[in-house]
Amino acid sequence: MARQTETLPAEAEPGVIDIRSADTIQFSTFYFGRHLFGLPIEEIIEINRALDVTPVPLAPDYVEGVVNLRGQILTAIHLGRRIGLSIEEEDDSRYNNVITGNREEPICLIVQRIGDVMAIPRNQIEPPPDLISGVDVEYVRNVCKLPENLLIILDGKALEAPPNAN
Amino acid sequence: MGMDEDILKDFLAESKENLERLDQEFVELEQEPDNAELIKSIFRTIHTIKGTSGFFGFTTLEGIAHFAEDILSKLRDGVAEVNEEITTVLLQSVDYIKAILASLEQTGKEPDDVVYLDFIVDLRNFAEKVANGSVGAANDTAPAEASESNTGGENASKAEPVQETSEEKAADQPEDTKQEDNKEPETTGKAEEQKTAPKAPPAPKPKKRAPTTPAPTTHLTETHVRVDVHLLDKLMNLAGELVLSRNRMAQIATQLDDADLLTANQRMSLVVTELQEQIMKTRMQPVGNVFNKFPRIVRDLAKSAQKQIQLQIKGAETELDRSIIEVIKDPLTHMVRNSIDHGVEPPDIRVQKGKPQVGTLIMKAYHEGGQVIIEIQDDGAGMDPEKLREKAVEKGIISPDQATSLSDREALMLIFQPGFSTAEKVTNISGRGVGMDVVKTNIEKLGGTVELKSEVNVGTTVRIKIPLTLAIIPALIVRAAGQRYAIPQVNLVELVCLSPEAQKKDVQVIGNSEFYRLRGQILPLVRLKKILGAGMELASEQDEEDNKASMNIVVLNSGDRQFGLVVDAINDSEEIVVKPLGKHLKHISCYAGTTLMGDGRVALILDIVGIASTLNLRAEDSLHETKMVAESRTAEEERQFLLLFSVDPSECFALPLALVNRLDKIPASRIEHVGSREVVQYRGKSMPVIRLENYLPISPLSEQEEYHLIVFNFNNKDVAFLVSQIEDSVDIVIDVEEETFRQEGILGSAIIKDKTTLFIDIYQILQMYDPDFLRQEQDGSPINARILMAEDSAFYRNLLHSYISAEGYEIITAEDGQQAWELLQTEEVDLVMTDIEMPRMNGLKLAQKIRGNAKFEKLPILAVTSLSGEEDKNKAMEAGVDEYLPKLDRDQVLTAVKNLLKSREIKEAA
């Protein structure tokens, strides 16, 4: 069945980044626990504040539930549990929803605080280290060392991959 | 003149419709060149046009139609065979006809263009060639050759441009003609192109007049528009959203209670409903779209199976959602194949059986109660339940024991088991072992059901019930653990609300499963919270709390079995829009999808079939048994639902399950000693526990960390047997042997599951444990009354005897009604207690006989039975029975005995 993809904002022009600067990539960042995460801005469809999550019993642990995004029903994935952050790093602050993934079936990523959009020079982007404390590196595509902390660049594909693909 | 104009209008409208169909039919014809029906249909259409145009004097039109008809008649008579070339020429004719009709519509005249006359000449030549066999008779005429030999030279140059212009170059001029003349290969290429795109509108006119007038063909006004299916789906989705918004608005309007708003909302509501209906209609297609494929399938299959079958299609205009039509195509084909292959007999056998030589297969569709029913009915050999049983045992689908216990109706359902095939030999049509189970699964996926009726030598009818649409379904909204869930209405049977008292009485706990007695049937209960419970820790206190509140049971039907779903609350029924679950959640079998509620929140739709399949094995067995109990009620032999347990692993015991109130486990440490007796704290009371070995000569209970309790409730007092293991619950016809183990506390023995099993006489054991335990409050009832008991089953006789004599009554027993009647003549009795089902003379006859004799006018009759239907009860009452009770309900039976004896006293005193 055709989904209501047109209710989503228009897809970002793929060429946009290159026009601004061939040497930087823009990342939308957000926090979970003490970690700072980022996804390339063109992978983000929209960011929403605390959508109502309906829990789905029997669902995989990392699935927080389902949300209604203007008539389209999305699976809400709890970022912390998805990437294996230990539970004590969660706090009970209000969550935000990052809608990402492909337009036919996007996912809703449950994150804590939303950060800035950062333009990172390409040459500062490094492959992930073998170990990042408390994070499953399977979901990490790259990292970038910032002055005060580490930006963990997530692998959007891995995040939205259904259970059997893992 | 006016009349003529009207006729002309009608003629144009009708012809246009017919021509649209012709395009389709020609394409089909190309795929199935020997479809005589199709040729006839095309022939008729052209013939009508010819006739009518003759009437109006449209000579050009008549000419084209005439020669086209000529060619068709050759095809019809089998003189020529359909090939691409003929189809091409015929399609060209159709295009010309269309162009002429367009001109007629616009100007009222035929176009006076020489192209048409040229075409007629070509057509005539071609028709002659077809007639004398130079075209079409030979099967392998290459298209290139054909086009050269037939329309070659000058003719081709005339015909092709028509084609060309119509497709792309309306403004291009005669140069084309010349060019193409020189480029023969390309011409054939075009010819081919035309075949693949036969619907390209012809434009013979613009070819000459293009510079001055716009193409007149565009005025061939259409009443139908082709719309992308995805667009319809999207519209449907939006309509769904609109419905949700409307629901939300309705809620708000009701809350605000503003008259204007309510009126406006009501109006909007009407429009939205209408809109939704109309959009739904765009997705509807007549089921004929599928049915129409069957004449051909049936014909071919019948031929290859060497059978003669006539297909009747009824209700082809019945409309169904497009997506459903897609899905039912395969199951229908499969069932039709089955009917032809396994159902309808070969002609000679049919004649032997005295049936018409030609078998009849009926495909019928109609609406019933908001659903669509499709029936496939044959008058073939039917299915023999006996054969099905044998086959199923042979294939290892069921055990011989199970086979004998299946009713005929259930035996028929065996064909829906995976790996079942009834054909004696595997043929190329069907019987490859994949089949009806897939059909059933597919239909059930749609929320439909399959029913089967079959009678040997009369025929088989398969009845499919499917919803009209999948997109919007009626559903019941329930609550569990604070969330809302939608249950599709198709699965819903009824709702039951039980007060805490009723729960205590009618809800039994066996192991981890709960059962509810619903009008005599045992319905397994499933707590929705527990099914979904994995993620929500359930404290045991909450469980206790549940027992204090009233219980909401949603009785559901999942295919062939029923079960009760226990929910926290039942909200309302609503029309819901089904939305699929994402890929992370799709695999969870408990959900069919999601939907949006009026407040914008998401609710999950429960998949009842999925939930039923997640029930644990024991519950599933019990489900099966429950059904058996329900069906065996009417069977002649008396069945027993027994609980099997052991004290020492070597010995097996049985109790009628109906006597058991619940089963539980306790750790050994919780057993307390009070005097010489043992008790446990149970539900806030201390409950005596009885060790069977203290009263029976059996191996003692070994030391265990945990014991099983079989809890009974008599006179509102709980008491339990302490046992080591609950083995199973079975439903069997028992043949109790009383002699081998003649012993206080033992009713008899029987072989169950290859083990000698002793039947415990619970009443006698209790009597031994505490002579006063069972005694009801004495209020001066005549303890010395004599009761005549007629009961054919030794097991029940002993059981009843045991608990009635424990009350101090004297009992005379009879093995059937006849014996009871004889005893009545000689013995003085105060009350007759009788079973209903007995040999020689049954309970009803006995009651009638007693009532028919003035001597026994005041003699109370109590019927005790395992039949619990309302109808049976009424029959018994008519026969003159005073009271009608289930024989296993000791408390009720004893109370009834007491009351009947008392009222007799009063009567006699009067």
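Note that the structure is a prediction, hence the values are computed from the model and not measured. Per chain, numbering begins at 1; letters A, B, ... match sequence-line order.
The OG1 atom of A:Thr75 sits 6.0 Å away from atom NE2 of B:His584, with the distance rounded to the nearest 0.5 Å. Taken to the nearest 0.5 Å, the OG1 atom of B:Thr595 stands 6.5 Å off from the CD1 atom of A:Ile73. Rounding to the nearest 0.5 angstrom, the gap separating the CG atom in A:Leu74 from the CG atom in B:Leu581 is 11.5 Å.
In this structure, the side chain to side chain contact (heavy atoms under 4.5 Å, CB included) partners of A:Val117, at least two apart in sequence or on a different chain, are A:Gln26, A:Ile41.
Here the shortest heavy-atom pairing between B:Ile588 and A:Pro57 reads CD1-O, 4.4 Å. Closest of all the heavy-atom pairs between B:Leu604 and A:Pro55 is CD1-O, 3.8 Å.
Other residues, nucleotides and ligands contribute only 12 or fewer heavy atoms inside 6.0 Å of the CE atom of B:Met249.
For chain B, no part of A:Leu51 is nearby; none of its heavy atoms comes within less than 4.5 Å. Contact of A:Val66 with chain B is made through backbone and side chain together, with heavy-atom distances under 4.5 Å. Both the backbone and the side chain of A:Asn68 come within contact range of chain B, with heavy atoms under 4.5 Å apart.
The salt bridge (Lys or Arg N to Asp or Glu O under 4.0 Å) pairs that include a residue from residues 142-161 of chain A are A:Glu126-A:Lys145, A:Glu160-B:Lys583, where partners are two or more places apart or lie in different chains.
Of the listed residues (A:Ile107, A:Asp52, A:Asp61), the greatest number of heavy-atom pairs within a distance under 4.5 Å of chain B belongs to A:Asp52.
A:Thr54 places a side-chain N or O within 3.5 Å of a backbone atom of B:Val602 that can act as its donor or acceptor partner.
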